[in-house]
Amino acid sequence: MNHAQFMQRCLYLAQLGEGYVAPNPMVGCVIVKDGKIIGEGYHKIVGEAHAEVNAVDSVRDKSLLAGSTVYVSLEPCSHFGKTPPCADLLIQLRVKQVVIGCTDSNPKVAGKGIEKLQRSGIEVITGVLEEECKRLNKRFFTFHEKQRPYVILKWAQTLDGFLDRSRKMNDTGVNWISAPETKVLVHKWRSQEQAILVGRNTILHDNPSLTVREFHGKNPTRIVIDSQLQLKNDMNIFSKDAPTIIFNRIKNHVNNNVEWVKIPETSTSNILSELYHRGIQSVFVEGGSRTLQYFIVDNLWDEARVIVGKKNFEEGVKAPVISKVPSDTQPFGEDNIYYYYRK
């Protein structure tokens with residue numbers, strides 16, 4: 001049987017849950033009998049049925065489940081959470097074989113699902129398209145293995161390397177660098193992450209909403225670094241469109257969907273530690289230049305997406321610098337996007 005072929009289908013299905021299942025991982029499942037797919041499913045929404053349950057439910061003739069082979073991109077869970085253990089379900093159905101893409105590094109699972117299946121007499125095969133399965137859930141694995149969110153840096157810069165024009169007092173408004181169609185892509189990126197982070201100056205200069213408006217998806221939690229609480233409450237980030245966390249050195253306070261969180265120092269490590277303890281698995285850092293450079297210098301980032309437009313500013317705020325060669329380059333409309341990966 002071609003295990004890789006069926007696991008590839010699991011990966012395709014799993015990705016359909018992107019943006020809707022965090023902090024759970026994206027998981028796809030395919031059920032095969034006599035070389036043919038008889039059922040498939042994926043984890044659609046956090047708190048609802050897992051991939052294995054949806055795949056089982058899709059099988060019309062339940063008598064075919066006994067003796068079948070179940071392919072799943074991530075080790076079946078073995079504990080009671082918001083749903084019962086999927087390992088128990090597969091045991092009850094008397095499936096013959098379970099083929100797993102990669103093991104789960106969540107301490108609540110971490111091999112226990114595999115062990116439970118094997119103890120019941122089910123043959124378990126692991127490591128099929130393992131790297132691809134791990135890459136799909138890079139946020140989930142980083143969170144559990146490094147005890148911090150997966151960090152994506154993003155900025156747009158001009159051909160001559162500037163992030164913004166020079167600002168005079170009270171000079172506000174966005175100095176657009178990228179093309180309009182790229183804005184849609186950026187909003188799609190936002191919808192894929194649990195949180196979006198910027199520094200105080202980005203709010204003061206651009207007054208962004210930091211929401212998903214050009215693409216259908218969930219708004220991320222907005223994170224703002226404002227050490228001395230200099231932002232006025234009429235800024236767009238204080239709207240009711242999404243939860244907002246203000247990291248500062250002055251107070252703890254909650255008002256509707258806005259929470260002010262006092263930390264000893266608004267360093268990258270302190271912020272990521274706080275987000276980890278809040279269960280946030282990924283953060284999209286959009287600016288400004290100093291904030292982005294802090295993450296780069298502290299080596300607390302996982303990937304960067306740099307959009308280079310066709311404009312020249314000649315002077316202004318210099319863009320951050322990553323001392324690496326881009327891993328990939330993608331033309332996108334009038335712009336070019338450079339992708340960097342820390343590893």
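Starting from 1, each residue takes its place in the sequence as its number. Just so you know, these numbers come straight off a predicted model, no measurement behind them.
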Around atom CZ of Arg290, are there more than 12 heavy atoms from other residues, nucleotides or ligands closer than 6.0 Å?
no
Parallel, tilted or perpendicular, judged at 30° and 60°: which one describes the rings of Trp189 and Tyr339?
perpendicular
Are Glu40 and Arg9 ion-paired here, with the side-chain N under 4.0 Å from a carboxylate O?
yes
Between Glu214 and Lys188 (salt bridge meaning N to carboxylate O under 4.0 Å), is one present in this structure?
no
Co-membership, hydrophobic cluster, residues Val283 and Ile263, 4.5 Å side-chain:
yes
Taking the six-membered ring of Phe313, is the NZ or CZ of Arg165 close enough (under 6.0 Å from the centre) and on axis enough (within 45°)?
yes
Do NZ/NE/NH1/NH2 and the carboxylate oxygens of Lys112 and Glu75 come within less than 4.0 Å?
no
Would you find more than 12 non-hydrogen atoms of other residues, nucleotides or ligands less than 6.0 Å from Lys262 atom NZ?
no
Within 6.0 Å of NZ in Lys96, more than 12 heavy atoms from elsewhere:
no
With a 4.5 Å heavy-atom cut-off, do Gln15 and Ser73 have their side chains touching?
no
Are Asp88 and Lys116 close enough for a salt bridge, meaning some N to O gap below 4.0 Å?
yes
Report yes if the side chains of Ile196 and Glu286 come closer than 4.5 Å at any heavy-atom pair, otherwise no.
yes
Could you report the tightest heavy-atom contact between Gly333 and Glu181, atom names first, then the distance?
CA-OE2, 3.4 Å
How about Asp298 and Thr268: does a side-chain donor come under 3.5 Å of a side-chain acceptor?
yes
Taking C-beta and beyond as the side chain, do Val224 and Ile245 meet within less than 4.5 Å on heavy atoms?
no
Just checking Glu145: does its CD atom have more than 12 heavy atoms from other residues, nucleotides or ligands closer to it than 6.0 angstrom?
yes
Just wondering, are more than 12 heavy atoms of other shown residues or ligands nearer than 6.0 Å to OH in Tyr12?
no
Closest non-hydrogen atoms of Asp61 and Ser63, given as atom of the first, atom of the second and distance, are OD1-OG, 2.5 Å
I need the Leu93 CG to Ile31 CD1 distance, nearest 0.5 Å.
7.5 Å
Please name the pair of heavy atoms, one in Ile177 and one in Ala156, separated by the smallest distance, quoted to 0.1 Å.
CD1-O, 3.5 Å
Between Lys318 and Asp164 (salt bridge meaning N to carboxylate O under 4.0 Å), is one present in this structure?
no
Taking atom CG of Leu153 and atom CZ of Arg342, what is their separation to the nearest 0.5 Å?
10.5 Å
Heavy atoms from other residues, nucleotides or ligands near NZ of Lys36 exceed 12 (cutoff 6.0 Å)
no
Side chains of Trp155 and Gln157: donor-acceptor distance under 3.5 Å anywhere?
yes
Inspect the contact between Glu334 and Lys310 and indicate whether a charged nitrogen and a carboxylate oxygen are less than 4.0 angstrom apart.
no
Supply the atom-to-atom distance Asn255 CG to Trp260 CH2, rounded to the nearest 0.5 angstrom.
5.0 Å
Show me the side-chain donor-acceptor pairs of residues 120-133 shorter than 3.5 Å, one per line, residues at least two apart or across chains.
residue : atom : partner : partner atom : Å
Ser120  : OG   : Leu117  : O            : 2.6
Glu123  : OE1  : Gln97   : NE2          : 3.0
Glu123  : OE2  : Gln97   : NE2          : 3.4

Approximate separation, where rounding is to 0.5 Å, of Asn54 CG and Cys29 SG
9.0 Å
To check you understand the geometry: which heavy-atom pair defines the closest contact between Asp302 and Pro149, and what is its length?
OD2-O, 4.1 Å
Could you check Tyr276 against Phe143 for ring-ring contact (aromatic ring centres under 6.0 Å, His included), going step by step and ending with a plain yes or no?
CA-CA 7 Å; Tyr276 169 77; Phe143 181 83; 4.7 Å; yes
Shortest non-hydrogen pair, Val317 vs Ser289, comes out as CG1-CB, 3.8 Å
For the pair Ser327 (side chain) and Tyr340 (backbone), establish whether a donor and an acceptor sit closer than 3.5 Å, ignoring hydrogens and angles.
no
Distance only, no hydrogens: is a donor on one side chain within 3.5 Å (strictly under) of an acceptor on the other, for Thr182 and Asp335?
yes
Taking the basic N atoms (NZ, or NE/NH1/NH2) and the acidic carboxylate oxygens, is any pair closer than 4.0 Å for Glu274 and Arg278?
yes
Any side-chain donor near an acceptor of the partner, Gln228 and Arg249, under 3.5 Å
no
Side-chain contact test, heavy atoms from C-beta onward, threshold under 4.5 Å: evaluate it for Tyr150 versus Glu303 and give yes or no.
yes
Which atom names give the shortest non-hydrogen contact between Gln293 and Val321, and what distance separates them?
OE1-N, 2.9 Å
